[in-house]
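Keep in mind that the numbers below use all heavy atoms, side chains included, and drop hydrogens, waters and symmetry copies. Residues: numbered from 1 along the sequence shown.
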Amino acid sequence: MTQPSPNGAQEAETIRPLTVGEVEAMLRAAAPPQLAESWDSNQLICGDPDDPVHSILLAVDPVAAVVDEAIARGANMVITHHPLYLRGTDHVSAIDPKGRVAHRLIRAGIALANAHTTLDAAHGGVASALAARVGLERTRPLQPSPADPSQGIGRVGRLPAPARLRDFAESVAAALPDSAPGLLVGGDPEAVVETVAVSGGAGDSLLEAARAAGADVFLTADLRHHPASEHLEAGRPYLLCGTHWATEWVGLPPLAAQLEAAAAARGHRLHTHVSQIVTDPWALRLSTGS
């Protein structure tokens, strides 16, 4: 029998890898299922819970380009924010893009799991990460979860010092990962703001919650013309509209760190990589007019 080396390297090499089921349990600990919205899907989408996992790719969307990257990197598992099927399906055949994603992952032996509104709401999740990115202090949930009011969708906090909307918007634009649409600003650029509400992803439904929270400005994504226009007619909060991908991507690096730490606490080394692929649907922005 080979004697273990003094530094324990021999012993480390014999430790069995984590399984898909164990990684999913770590994911649910980071993004607790009880925080899910009633309409949402947060689950293991494909893969055998007993299969080994050495490396994970994290991404916002389960799309073909992400599958390409997972295969190229030799990942054993992909964790996305968005589910592959949100509204259900009656087939997973490879006759459409979603079915092809499922087939390619299964053929490559890659598991797929997601954490959607659970990660939005969790401590250290999307909302918390977005608030931290833009410098908010003393934050609280914008829409507290009935399961745990200390967690929930969105966050409200204060800037370290009051700032012009224009200056704050420029700092937000610099803090978010880049994508073609950039950042839209609604309101008086010279107005002074201090209390800020944030929510990654589509935020139309939280406009009144941001106003009720006393926010001077609300940072979110996917704002439509009429809801945004009618909201601004009634005054603050002013609006910053980023992209769905950019405002949610910020939650992935903290999740990767949580998973690596949870694996280390179990005596395992887990390799994670956060995809840099921009999965917003827009590839190019052109200014209009003469």
Got a list of side-chain donor-acceptor pairs under 3.5 Å for residues 153-161, not counting sequence neighbours?
from	atom 1	to	atom 2	distance (Å)
R155	NE	S128	OG	3.4
R155	NH1	G152	O	2.6
R155	NH2	A121	O	3.2
R155	NH2	A122	O	3.4
R155	NH2	S128	OG	3.3
R158	NH1	T195	OG1	3.1
R158	NH2	E194	OE1	3.0
R158	NH2	E194	OE2	3.1

In residues 175-188, what donor-acceptor pairs under 3.5 Å come from side-chain atoms, sequence neighbours left out?
from	atom 1	to	atom 2	distance (Å)
S179	OG	T243	OG1	3.2
S179	OG	D280	OD2	3.1
D188	OD1	E190	N	3.0

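A donor-acceptor pair under 3.5 Å links the side-chain atoms of T220 to the main chain of G201, judged by distance alone. Although no hydrogens or angles enter the test, the distance criterion places no donor-acceptor pair under 3.5 Å between the side chain of D120 and the main chain of V126. Side-chain N or O atoms of R133 include none that pairs as donor or acceptor with a backbone N or O of T247 at under 3.5 Å. At least one donor-acceptor pair closer than 3.5 Å links the side chain of H81 to the backbone N or O of A115. Side chain of Q276 to backbone of V274: a donor-acceptor contact under 3.5 angstrom is found. A donor-acceptor pair under 3.5 Å is formed between the side chain of R211 and the backbone N or O of H231.
Pairs engaging residues 85-111 under the ring pair (Phe, Tyr, Trp, His ring centres under 6.0 Å) rule: none recorded [sequence neighbours left out].
I45 and L255 are not part of a single hydrophobic cluster, where members link through side-chain heavy atoms under 4.5 Å apart. Under a hydrophobic-cluster definition in which Ile, Leu, Val, Met, Phe, Trp and Tyr are linked whenever side-chain heavy atoms come within less than 4.5 Å, directly or via other members, L58 and L84 are assigned to different clusters. Residues W245 and V172 share a single hydrophobic cluster, defined by chaining ILVMFWY side chains whose heavy atoms lie under 4.5 Å apart.
Remark: the N42 side chain and the H116 side chain contain no N/O donor-acceptor pair separated by less than 3.5 Å.
Checked for salt-bridge contact, R28 and E24 meet the test: a charged N lies under 4.0 Å from a carboxylate O.
The environment of CZ in R269 is sparse: at most 12 heavy-atom neighbours from other residues, nucleotides or ligands sit within 6.0 Å.
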